[in-house]
Visitor: 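Structure in structure tokens, see below.
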Amino acid sequence: MKEIIKSQRLGEEFLRIKHKSGLTLLLCPMKGYSSAYALFGTEYGSVESSFIDKDGALIQIPAGTAHFLEHKMFESEEGDAFALYAKTGASANAYTSFDKTAYLFSCSDNFKESLSILMHLVTEPYFTPQTVEKEQGIIGQEIKMYDDSPEWRVMFNLMEALFEKHPLKIDIAGTVDTIAQITADTLYTCYNAFYNLNNMALAIAGNFEVQDVLDLADEILKPAEPMTAQRILVDEPAQVVKHRVEQQLPVATPLFQIGFKAVPKSKEENLINQVYDEILLDTIAGEHTALYRSMYDEGIINSTFVGEVMAGRDFAVTLFEGESRDPDKVYEALCGEIRRMQREGIDRDAFERSRRAIYGRYLGMYARVDSVASLMLTTQFGGADMYTVLEAAAGATYEMLTARLLEAFDPERSALSVVTAPKEA
């Protein structure tokens, strides 16, 4: 099944093809570009803590398994996939997020050879007790490094303050204790459950030939059985666990993150609401706002102050973060401004400036091959297409954003995380 989707604004099109193997192909040839960027992703990330298998059994997944599996997929009986990519000249990598895992490469030459490596890498798992034990030591060191990272701890301390049950509060890499529970059988169980081609998508943008992709898919990909793993969603309370958390680590200036916990909706609604939340973050405390200027002039924020949205299949969080000599005062100022806006209304000029800024930022993403591929993969897993976010930014109205402000920015469902330097004895 082939679907051609075209943007009325951009005049470009991309193909969405359901391959006979079960894999969804998302292809956007971009004329005039010298490079290609490919992302092979599965809708399986760190928040997957359990599932029900085809026999009806409940399978518990040790925290960090998705990330561990990502590391191990680069190994095969023939050796390391990075060595193969070195021969084609491609730059390769992978990442695990809360709700997906993706394997990627970019190249200017030898596209077909590099894509072949990617397809074999993702569809041919190879795990042994010996290689798993070796990886446990490597990732264990990585976890210890992140445990000492102020930037990492300020975020996950915030997640622990916001969430009572949701695995979002657990480090993507897991803990030293949880990864010690991972075996080769664990990896095969999770691979077979979630690296099902019906649960995956291959997104490619830039300089490539569609027929080369189709030929390789026909040659390499075998038809997948229907997806049988049943996800188990967490019944997360609406309220937060605590409103403030602090940890002491070596930092020159205290770090902070302020998070607002929203009630998640459907995948597509979460995707669209992410765009609305980005507009609201800029409307509340973007660089053009009176609040930003007053906090900056007072010296309680600096140029590191930014807003961010984290949204996925069953979670939605908006964040303000940065450095501050008085994070509590920043928290108080933000919550006060949000309450004022909820009471008196959003400034229409500020809303329109922010809407145009976010629209412009999304528009710029369609000019880069890596961003186009990422948009295709993210929106596919969000139940939409890559133009959905652009259309959401273009079509956002004052009334929509007013409703979203009341819904997603409740100071009672917020928390402040701070990392400060140890106090002198």
Visitor: Classify the angle between the aromatic ring planes of F194 and F51 as parallel (below 30°), tilted (30 to 60°) or perpendicular (above 60°).
Guide: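 Taking F51 first and then F194, their aromatic rings stand perpendicular (interplane angle over 60°).
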
Visitor: Which pair of heavy atoms, one from L104 and one from L118, lies closest together, and at what distance?
Guide: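 Reported closest heavy-atom pair: N-CD1, 4.3 Å.
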
Visitor: Locate the shortest heavy-atom distance separating T24 from R16; write the atom from each residue and the value.
Guide: CG2-CG, 3.9 Å

Visitor: Is a side-chain N or O of T189 found less than 3.5 angstrom from the main chain of D185, in a donor-acceptor match?
Guide: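 Side chain of T189 to backbone of D185: a pair is present.
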
Visitor: Taking atom CD as the centre, does E209 end up with more than 12 heavy-atom neighbours from other residues, nucleotides or ligands that are less than 6.0 angstrom away?
Guide: no

Visitor: I need the minimum non-hydrogen distance between F260 and I338, along with the two atoms involved.
Guide: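 For F260 and I338, the tightest heavy-atom pair comes out as CZ-CD1, 3.4 Å.
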
Visitor: Answer with yes or no after comparing the ring centroid distance for Y103 and F40 against a 6.0 Å cut-off, counting only values under it.
Guide: no

Visitor: Closer than 3.5 angstrom, by distance alone: can the side chain of E236 be matched with the main-chain N or O of E164 as a donor-acceptor pair?
Guide: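 Present.
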
Visitor: Using 30° and 60° as the class limits, which term best fits the ring planes of F82 and F74: parallel, tilted or perpendicular?
Guide: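 Taking F74 first and then F82, their aromatic rings lie parallel (interplane angle under 30°).
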
Visitor: Could you check if a side-chain atom of T420 sits within less than 4.5 angstrom of a side-chain atom of E246, using non-hydrogen atoms only?
Guide: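 Yes, their side chains come closer than 4.5 Å.
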
Visitor: Q274 vs N270, test: side-chain hydrogen bond (donor to acceptor under 3.5 Å, both in side chains). Steps then yes/no.
Guide: CA-CA 6 Å; Q274 178 174 337; N270 288 345; over 6 Å; no

Visitor: Give me the ring orientation class for W152 and F156: parallel if the planes are under 30° apart, tilted from 30 to 60°, perpendicular past 60°.
Guide: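 Correct class here is tilted.
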
Visitor: Looking at side-chain heavy atoms only, is the closest gap between K20 and D218 below 4.5 Å?
Guide: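 Contact flag for K20/D218 side chains = yes.
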
Visitor: Check for a donor-acceptor pair, side chain of S417 on one end and backbone N or O of Q257 on the other, with a separation under 3.5 Å.
Guide: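 No: the side chain of S417 does not pair with the backbone of Q257.
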
Visitor: Which heavy atom in N157 sits nearest to a heavy atom in V245, and how many Å separate them?
Guide: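 Smallest heavy-atom distance, with atoms named: O-CG1, 3.6 Å.
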
Visitor: With a distance cut-off below 6.0 Å to the six-membered ring centre and an angular limit of 45° from the axis, does K267 pair with F381 as a cation-pi contact?
Guide: no

